[in-house]
Amino acid sequence: MIWLALALAMSMACTALLAWRAQAWFGPALQRYRQVYTHDAGVRLGEVFLFIDPGQLWLAALLLAGMAGMAAWAASGSVVLGGLAAALAARLPRQMVGRLRHRRLARFEQQLPGALLALAAALRAGVGVSTAMRHIVDHSEAPLAQEFGLMLREQRLGVSFDAALEHLSQRVPSEASALVVAALRVASHTGGNLAETLDGIARTLRERLQLQGKVRALTAQGRLQAWIVGALPLLLMAVLDRMEPQAMAVLWHTPLGWAVLAVMAGLETAGVLLIRRIVDIDI
């Protein structure tokens with residue numbers, strides 16, 4: 001019994017030593033990753049005007065990773081699948097923020113032609129650029145009202161017009177905003193018929209949006225095929241695991257099965273990316 005107690009004590013001491021060394025090795029790396037994650041998340045949240053503490057996003061990523069990893073491990077009994085599920089779930093909050101940012105940019109581009117036409121009409125009526133933009137901000141919805149309103153507030157705080165335009169192009173990195181910023185910047189330096197220029201830009205952007213809508217409608221079948229190609233093998237594995245659990249156990253619990261899963265994941269990713277590349281037509 002004494003030897004058993006000593007062996008148990010030695011094993012516990014070794015386990016504690018290994019845990020302490022692992023914390024010493026991975027602790028600083030995890031802290032640096034947390035700082036990079038929160039900084040990048042803060043920038044992305046600020047771009048979409050979501051004033052959320054980035055630390056809460058980090059905590060949500062950790063919780064999602066833990067729950068997804070434990071659920072995948074409990075369902076399959078595979079540590080590899082549990083780790084893969086945890087890694088994918090940890091990226092979900094950032095992906096959601098990126099999706100919100102993409103939707104916000106698309107909404108801004110949809111609102112921009114109407115705002116440019118209103119701005120051109122106000123300029124023809126003899127109203128100044130700042131006054132016309134303030135009127136547009138008062139009668140528009142987010143995100144266009146937020147972006148133009150922030151640009152006007154920057155000017156009231158002493159930021160030059162060129163710097164405010166540059167900040168706008170950085171917050172809204174799109175070809176449409178680049179055209180508008182270039183037109184306003186040239187008009188502020190050299191003059192010219194800004195109203196006519198804005199009318200031309202508005203017509204071009206409206207025609208471009210219409211063409212993008214037609215392309216999305218024509219490529220909808222290809223995008224649906226990408227979803228089906230990506231989901232069908234996963235559904236098939238789930239059905240086979242229910243019907244033949246002993247045969248599928250080789251896939252979940254052996255190194256050869258893990259290698260097959262890795263190859264399948266690589267082929268799945270390549271197929272989905274290839275289909276998305278085919279249907280992604282830049283206009």
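Numbering of residues begins at 1 and proceeds along the displayed sequence.
- For S177 (side chain) and S169 (main-chain N/O), no donor-acceptor pair under 3.5 Å exists by modelled atom type.
- H102 places no side-chain N or O within 3.5 Å of a backbone atom of G98 that could act as its donor or acceptor partner.
- Among all heavy-atom pairs drawn from L261 and L251, the shortest one is CD1-O, 3.6 Å.
- When side chains are defined from C-beta on, V180 counts as touching L116, because their heavy atoms get closer than 4.5 Å.
- W227 and L273 fall into different hydrophobic clusters, where Ile, Leu, Val, Met, Phe, Trp and Tyr side chains are chained together by heavy-atom contacts under 4.5 Å.
- In this structure, the side chain of W252 does not engage the main chain of G257 through any donor-acceptor pair within 3.5 Å.
- Within 6.0 Å of atom CD in E166, more than 12 heavy atoms from other residues, nucleotides or ligands are found, so the atom counts as buried in its surroundings.
- No continuous path of hydrophobic side-chain contacts links L117 to V181 [ILVMFWY only; heavy atoms under 4.5 Å].
- Residue-environment remark: CE (M264) exceeds the threshold of 12 foreign heavy atoms within 6.0 Å.
- Between the T131 side chain and the G128 main chain, no donor and acceptor come within less than 3.5 Å of each other.
- Taking NE2 of H135 as the reference point, atom NE2 of H139 lies at 4.5 Å (rounded to 0.5 Å).
- Smallest separation of non-hydrogen atoms from E147 and L168: CB-CD1, 3.8 Å.
- L235 CG to I228 CD1: the interatomic distance, rounded to the nearest 0.5 Å, is 10.5 Å.
- Nearest approach of A122 to A132, heavy atoms of both residues: CB-CB, 3.6 Å.
- Using a 3.5 Å distance cut-off with no hydrogens or angles, the side chains of Q146 and R171 do not pair a donor with an acceptor.
- Residues F148 and V129 fall within the same hydrophobic cluster, defined by Ile, Leu, Val, Met, Phe, Trp and Tyr side chains chained together at heavy-atom separations under 4.5 Å.
- Residues F108 and L152 are members of one and the same hydrophobic cluster, defined by side-chain heavy-atom contacts under 4.5 angstrom among Ile, Leu, Val, Met, Phe, Trp and Tyr.
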Before giving the answer on side-chain contact (heavy atoms from CB on, under 4.5 Å), spell out for E141 and R107 the whole-Å C-alpha distance, their side-chain angles and the decisive distance to 0.1 Å. CA-CA 10 Å; E141 298 179 354; R107 177 63 177 166; 3.3 Å; yes
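- More than 12 heavy-atom neighbours from other residues, nucleotides or ligands sit within 6.0 angstrom of CZ on R124.
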Would L205 and E175 count as a side-chain contact (heavy atoms from CB on, under 4.5 Å) if you check the C-alpha gap in whole Å, the side-chain angles of each, and the deciding distance to 0.1 Å? CA-CA 10 Å; L205 294 180; E175 296 180 0; over 6 Å; no
R203 and R208: CA distance, side-chain angles, deciding distance, side-chain contact (heavy atoms from CB on, under 4.5 Å) verdict: CA-CA 9 Å; R203 287 195 300 270; R208 182 169 178 263; over 6 Å; no
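- Residues M96 and R101 have side chains not in contact (no heavy-atom distance under 4.5 Å, counting atoms from C-beta outward).
- Atoms CG and CD, on D241 and Q246 in that order, are 11.5 Å from each other to the nearest 0.5 Å.
- The main-chain N or O of V159 is never found under 3.5 Å from a side-chain atom of E154 such that the two would form a donor-acceptor pair.
- No chain of hydrophobic side-chain contacts below 4.5 Å, direct or via other Ile, Leu, Val, Met, Phe, Trp or Tyr residues, connects L232 to L234.
- L179 and I201 get closest at one heavy-atom pair: O-CD1, 3.8 Å.
- The heavy-atom pair separating L209 from Q110 by the smallest distance is CD1-CA, 3.9 Å.
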Evaluate the salt bridge (Lys or Arg N to Asp or Glu O under 4.0 Å) criterion for residues R206 and E109: first the C-alpha distance (whole Å), next the side-chain angles of each, then the deciding distance (0.1 Å), finally the verdict. CA-CA 9 Å; R206 185 164 290 176; E109 291 187 353; over 6 Å; no
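- Side chain of S140 to main chain of V137: no donor-acceptor pair is present (N/O by atom type, distance under 3.5 Å, no hydrogens or angles).
- Here T269 contributes atom OG1 and L274 contributes atom CG; the two are 12.0 Å apart, rounded to the nearest 0.5 Å.
- In terms of heavy atoms, A115 sits closest to I136 at O-CD1, 3.4 Å.
- In this structure, CE in M151 is found 6.5 Å from CG in L184, a value given to the nearest 0.5 Å.
- Considering only heavy atoms from C-beta on, N193 stays 4.5 Å or farther from L123 through its side chain.
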